[in-house]
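Beneath this line is the structure, given in structure tokens, with notes to follow.
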Amino acid sequence: MKIEFIPASSVSEAPGAVAVLALEEGVLSFAAEELDQVTGGAVRRAIAASRFKGKPGQTLDLLAAGGIIAGRALIVGGGAAAEFTGEAAESFAAHAYQALKMSGAEQVSLMLPGATADQAAQAAFGARLAAYRFDRYRTKDTEDKKPSVQRFTIVCDDPKAAKKASAMWGALADGVEFTRDLVSEPANILYPEEFAKRVKKLEKLGLEVEILGEKEMKKLGMGSLLGVGQGSRRESQLVVCQWKGAKDKDEQPIAFVGKGVTFDTGGISIKPAGGMEDMKWDMGGAGAVAGLMCALAGRKAKANVIGILGLVENMPDGNAQRPGDIVTSMSGQTIEVINTDAEGRLVLADALWYCQDRFKPKFMVDLATLTGAIIVALGNDMAAVYSTDDTLADNLLAASKAENEGLWRMPLPPAYDKLLDTAAADMKNITGVSGGGSITAALFLKRFVNDVPWAHLDIAGVAWRKGSTNPTVPGGGVGYGVRLLNRLVADNYEG
Ligand code: BES
Ligand code: MN
Ligand code: ZN
């Protein structure tokens, strides 16, 4: 879909299907008011004849009204008549797209006279996220099964300024889409080497990308990560991305680390068949870090940022790791692998240790689809954050609020840490008690951060959405974390 900005003109001349905003209590936006006038009062009559109340996301179709070129006008609810924010513009555009995508309209004119350039740019961002669709393997869709909208035209006061402002938003949308694509790809297509290859392509944005294979990781002593991948025919990979956007290229960086299990069968502790296909998105943490790096480089963020991806496939095989095996991590700490399905923490143990050892970052944030337990606790709208640093946690929560990506802080009680102790090694990878599974997974990770300020996001519940509840998040790969972390960087670590 092509998204463009054109100068504000009369609603009667706007091409395609026009979309206008109407608020609660019968308050019409400037464009909706104009539409009402040129159609001889059709907008107010249509509202009166329907249950349209102007609630956010409510829509009302006005077909073949006189006085306008457009055959279809869409009235979109915008909620209470408060200040019109960027988020409101984003949501207006996304709702308009969702309501019109299958309507047959090939062009949409989103009426935003009076909005700022940045609001117009954020509207374009909303339309782009809304129009995301992973359809590369659908070869038999007939035209009427595909979205009809080809051009999304934002009608605004200063299209030039809007276009300029949309460069930033465009980079962020690129990042979210990059993550969504990675998360959506099946595991026969996206395995560690293929994932690494796709990230390597981001070098064209000015990122430095190194790829470590099994030989290099073995030299580094990453027995914990390598143990997870040893049952797979696919080679494990560690991807190290560096974005040096700060004035001083040697300034201490900040770092993000992602769990990238391209498929999680559970290994020898094999998962039940039902729903196992979901484990193609067990690389959502690494996917988010990759998307974040794409966004930061795309918008030339003024910060030094490291992104590390631990990429493995967890398979049962003659060479697979067994329950009871003891592995030695890069930190030197030994781990008794009681359950081969608790593999994400084993991958992150080495990725986190490597990150702090090599880069000495200001802080590390890891993202991982780590536990089913967090889905029990927080469901599908909230990720968990665990942190050893209150400022970092607060900054993450503030960013979560600003970007509408749900996040809830969870505790790291020292008493639970003891549950990881075992007689045979320095620790075991599961506790053996049934409660607090997401917390004890976080406490396991904490043993590998070596006192660097750290936060862990358990995103098992939010990386994938069955169906859609939010117009900018169609079903499937969400791209959770890209917006949130981009905001964390922008608000706290640039300039
Ligand atoms: N990748 C899973 C966690 C997961 C479950 C993510 C459902 C998304 C949806 C993880 O590797 C796992 O298998 N965790 C186990 C841990 C258990 C063995 C201690 C779990 O949560 O059951
Ligand atoms: Mn697992
Ligand atoms: Zn997993």
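Numbers here simply count residues along the sequence, with the first being 1. Read the numbers this way: they start at 1 and go in the same order the structure lists the ligands and their atoms.
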Identify, by name, the N, O or S atom of E343 lying closest to the Zn ion (ligand 3).
-> OE2
Protein contact of atom 2 (C) of ligand 1 - nearest heavy atom, named by residue and atom, plus distance | D264 OD2, 3.6 Å
Between K146 and E143, does at least one N-O distance fall below 4.0 Å, as a salt bridge requires?
-> yes
Find all atoms of ligand 1 within a distance of less than 4.0 Å from any non-hydrogen atom belonging to T369, and give their numbers and elements.
-> 1 (N), 2 (C), 3 (C), 6 (C)
4.0 Å heavy-atom contact, V261 with ligand 1 | no
Atom of D282 closest to the Zn ion (ligand 3), considering N, O or S atoms = OD2
Could you tell me whether some N/O pair between N339 and ligand 1 is separated by less than 3.5 angstrom?
-> no
Within less than 2.8 Å of the Zn ion (ligand 3), any N, O or S from L370?
-> no
Return the orientation label for the W454 and H456 ring planes: parallel under 30°, perpendicular over 60°, tilted otherwise.
-> parallel
Identity and distance of the protein heavy atom lying nearest atom 10 (C) of ligand 1 | L370 O, 3.3 Å
Counting heavy atoms under 4.0 Å, the part of M276 that contacts ligand 1 is neither
What is the nearest protein non-hydrogen atom to atom 21 (O) of ligand 1, stated with its residue, atom name and distance?
-> G372 N, 2.7 Å
Measure up the W464 and W281 rings against each other and bin them: parallel (under 30°), tilted (30 to 60°), perpendicular (over 60°).
-> parallel
What atoms of ligand 1 come closer than 4.0 angstrom to any heavy atom of I375?
-> 7 (C), 9 (C)
E216 CD to I211 CD1 distance, which is reported to the nearest 0.5 Å | 10.0 Å
Result, protein N, O or S atoms below 2.8 Å from the Mn ion (ligand 2), excl. waters, equals 4
Part of N314 with heavy atoms under 4.0 Å of ligand 1, whether side chain, backbone, both or neither = neither
At their closest point, which heavy atom of A286 faces which heavy atom of L311, and how far apart are they?
-> CB-CD2, 3.9 Å
Nearest-neighbour protein heavy atom for atom 15 (C) of ligand 1, which is reported as residue plus atom name and distance = D341 O, 4.1 Å
Is it true that some N/O/S atom of D264, main chain or side chain, lies under 2.8 Å from the Zn ion (ligand 3)?
-> yes
Under a heavy-atom criterion of less than 4.0 Å, does W281 contact ligand 1?
-> yes
Are I430 and ligand 1 in contact, using a heavy-atom cut-off of under 4.0 Å?
-> yes
Evaluating non-hydrogen atoms only, which member of E343, K259, R345, M279 is closest to atom 16 (C) of ligand 1?
-> R345
Give a yes/no verdict on whether any heavy atom in M283 is under 4.0 Å from an atom of ligand 1.
-> no
